**Q** 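Questions regarding the structure given below will be posed in turn.
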Amino acid sequence: QVQLVESGGGLVQAGGSLRLSCAASGRTFSHYASGWFRQAPGKEREFVAAISWSGNITYYADSVKGRFTISRDNAKNTVYLQMNSLKPEDTAVYYCAAEPGNWYPQKQDEYNYWGQGTQVTVSS
């Protein structure tokens, strides 16, 4: 089992940047694929980005492609989400997720391990 803790959220102006971190503890995190999801008020949780356990395969939602970058440092048991050119519509609680295997899942029900979430607010 793996435990996930997100950090790095906050308030930023439109056009600004934030970097989210997801620190993992427990099992060997390098054997887990990882993803980021977000949930805005009144909306369903949606996929943002995913990364394979090696870090050599990434996948993004169309809404963030070209602005967000997912990466990982397995030596530090940490996955990152660099968010640039932020827009007010990026405002949401961002969740980190993990699942064993060398793949890059994009659906919520493909992940069994979740963090508690971190709030990102983008002001216009």
Side-chain angles (χ1 to χ4, degrees):
Q1 196 165 357
V2 65
Q3 293 79 42
L4 305 173
V5 178
E6 302 97 334
S7 62
L11 174 64
V12 64
Q13 288 188 334
S17 299
L18 280 175
R19 188 177 80 158
L20 305 183
S21 299
C22 174
S25 61
R27 295 292 184 99
T28 306
F29 191 55
S30 60
H31 294 171
Y32 286 71
S34 188
W36 287 94
F37 290 76
R38 66 186 182 186
Q39 186 167 19
K43 296 187 177 181
E44 294 187 352
R45 191 176 300 187
E46 64 176 5
F47 169 76
V48 175
I51 189 167
S52 61
W53 68 10
S54 63
N56 64 338
I57 299 176
T58 56
Y59 192 83
Y60 298 92
D62 288 343
S63 59
V64 306
K65 202 173 294 183
R67 300 188 298 123
F68 291 10
T69 302
I70 188 171
S71 62
R72 66 190 300 156
D73 184 341
N74 285 338
K76 296 183 178 179
N77 285 348
T78 302
V79 174
Y80 304 97
L81 185 68
Q82 178 67 45
M83 305 185 295
N84 298 329
S85 302
L86 283 161
K87 305 175 182 180
E89 51 263 44
D90 293 318
T91 295
V93 177
Y94 283 71
Y95 296 91
C96 175
E99 183 64 19
N102 189 23
W103 57 327
Y104 44 102
Q106 298 134 49
K107 298 179 181 179
Q108 294 185 59
D109 58 7
E110 293 175 326
Y111 289 92
N112 282 302
Y113 302 100
W114 291 84
Q116 82 290 349
T118 185
Q119 176 71 47
V120 172
T121 303
V122 184
S123 62
S124 57

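Being a predicted model, the structure only gives us computed values, none of them experimental.
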**Q** Looking at Y113, I want to see if its OH is surrounded by more than 12 non-hydrogen atoms of other residues, nucleotides or ligands under 6.0 Å.
**A**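 More than 12 heavy atoms, drawn from other residues, nucleotides or ligands, come within 6.0 Å of this atom.
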**Q** Is it the case that the side chain of Q82 and the backbone of T69 share a donor-acceptor pair, with hydrogens and angles ignored and the cut-off at 3.5 Å?
**A**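 Answer holds: no.
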**Q** Hydrophobic clusters here meaning ILVMFWY residues chained together by side-chain heavy-atom distances under 4.5 Å, can you tell me if M83 and Y59 are in one?
**A**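 As far as the 4.5 Å side-chain criterion goes, Y59 and M83 are not connected within one cluster.
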**Q** For Q116 and V5, run side chain to side chain contact (heavy atoms under 4.5 Å, CB included): C-alpha distance rounded to whole Å, both residues' side-chain angles, the deciding distance at 0.1 Å, then the answer.
**A** CA-CA 7 Å; Q116 82 290 349; V5 178; 4.2 Å; yes
**Q** Please confirm whether the backbone N or O of T121 pairs with a side-chain atom of T91, one donor and one acceptor, at under 3.5 Å?
**A**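 It does not hold such a pair.
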**Q** Looking only at the side chains, is there a donor atom on one of D73 and T78 sitting less than 3.5 Å from an acceptor on the other?
**A**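 No, no side-chain donor-acceptor pair sits under 3.5 Å.
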**Q** Just wondering, do L20 and T118 contact through their side chains at under 4.5 Å, heavy atoms?
**A**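 Yes - at least one pair of side-chain heavy atoms lies under 4.5 Å apart.
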**Q** Just verifying a value: how many Å separate E99 CD and K107 NZ, rounded to the nearest 0.5 Å?
**A**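 If I round to the nearest 0.5 Å, the distance is 14.0 Å.
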**Q** So does K65 pair up with D62, basic N to acidic O under 4.0 Å?
**A**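 Yes.
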**Q** Where do P105 and E110 come nearest, in terms of heavy atoms and distance?
**A**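 Scanning both residues completely, I find the closest heavy atoms to be CB-OE1, 3.3 Å.
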**Q** Got L18 and V120 here, is their nearest side-chain heavy-atom distance under 4.5 Å?
**A**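 Yes, side chains in contact.
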**Q** Find the distance between OG (S30) and CG (N74) and round it off to the nearest 0.5 Å.
**A**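 The distance works out to 5.0 Å.
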**Q** Between the main-chain N or O of G9 and the side-chain N or O of Q119, is there a donor-acceptor pair closer than 3.5 Å?
**A**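 Checking the backbone N and O of G9 against the side chain of Q119, no donor-acceptor pair under 3.5 Å is found.
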**Q** Looking at Y94, I'd like to know if the NZ or CZ of R38 sits under 6.0 Å from its six-membered ring centre while staying within 45 degrees of the ring's axis.
**A**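 Judged by the rule, R38 and Y94 form no cation-pi pair.
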**Q** For A92 and A40, work out which heavy atoms get closest and say how close.
**A**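 The answer is CB-N, 3.8 Å.
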**Q** If you draw a 6.0 Å radius around OH in Y104, do more than 12 non-hydrogen atoms from other residues or ligands fall strictly inside?
**A**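 No, not enclosed.
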**Q** Is R45 positioned over the aromatic face of Y95, cation under 6.0 angstrom from the ring centre and no more than 45 degrees off axis?
**A**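 Yes, a cation-pi geometry holds between R45 and Y95.
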**Q** Under a 4.5 Å cut-off applied to non-hydrogen side-chain atoms, are F47 and Y60 in contact?
**A**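 Not touching, per the 4.5 Å side-chain cut-off.
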**Q** Taking the six-membered ring of F29, is the NZ or CZ of R72 close enough (under 6.0 Å from the centre) and on axis enough (within 45°)?
**A**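 Ring-cation test returns yes.
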**Q** Give the intermediate values and the outcome of side chain to side chain contact (heavy atoms under 4.5 Å, CB included) for residues F68 and N84.
**A** CA-CA 6 Å; F68 291 10; N84 298 329; over 6 Å; no
**Q** Spell out, yes or no, whether V2 and W36 are grouped together once hydrophobic residues are joined by side-chain heavy atoms under 4.5 Å, including indirect joins.
**A**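 Linked, V2 and W36 end up in one cluster.
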**Q** Is there a donor-acceptor pair closer than 3.5 Å between any side-chain N or O of S34 and the backbone N or O of A97?
**A**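 Yes, because the side chain of S34 sits within donor-acceptor range (under 3.5 Å) of the backbone of A97.
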**Q** Within a strict 4.5 Å, meaning less than it, do heavy atoms of the S25 and Q3 side chains meet?
**A**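 Side chain of S25 against side chain of Q3, heavy atoms only: contact under 4.5 Å found.
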**Q** Angle between ring planes, Y111 versus F37, binned at 30° and 60°: parallel, tilted or perpendicular?
**A**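 Aromatic pair Y111/F37 classed perpendicular.
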**Q** Quick check: closest heavy atoms across A49 and L81, and the distance to 0.1 Å?
**A**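 Of all heavy-atom pairs spanning A49 and L81, the closest is CB-CD1, 4.3 Å.
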**Q** Return the CD to OG distance between Q13 and S124, rounded to the nearest 0.5 Å.
**A**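 If I round to the nearest 0.5 Å, the distance is 9.5 Å.
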**Q** Please confirm whether the backbone N or O of W53 pairs with a side-chain atom of Y32, one donor and one acceptor, at under 3.5 Å?
**A**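 No, because the side chain of Y32 does not come within donor-acceptor range (under 3.5 Å) of the backbone of W53.
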**Q** Are the side chain of R67 and the backbone of S85 linked by a donor-acceptor contact shorter than 3.5 Å?
**A**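 Such a contact is found between R67 side chain and S85 backbone.
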**Q** Going by the disulfide (SG to SG under 2.5 Å) test, which pairs reach into residues 39-124, not counting sequence neighbours?
**A**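 For residues 39-124, and leaving out neighbouring residues, the disulfide (SG to SG under 2.5 Å) pairs sorted by first residue read C22-C96.
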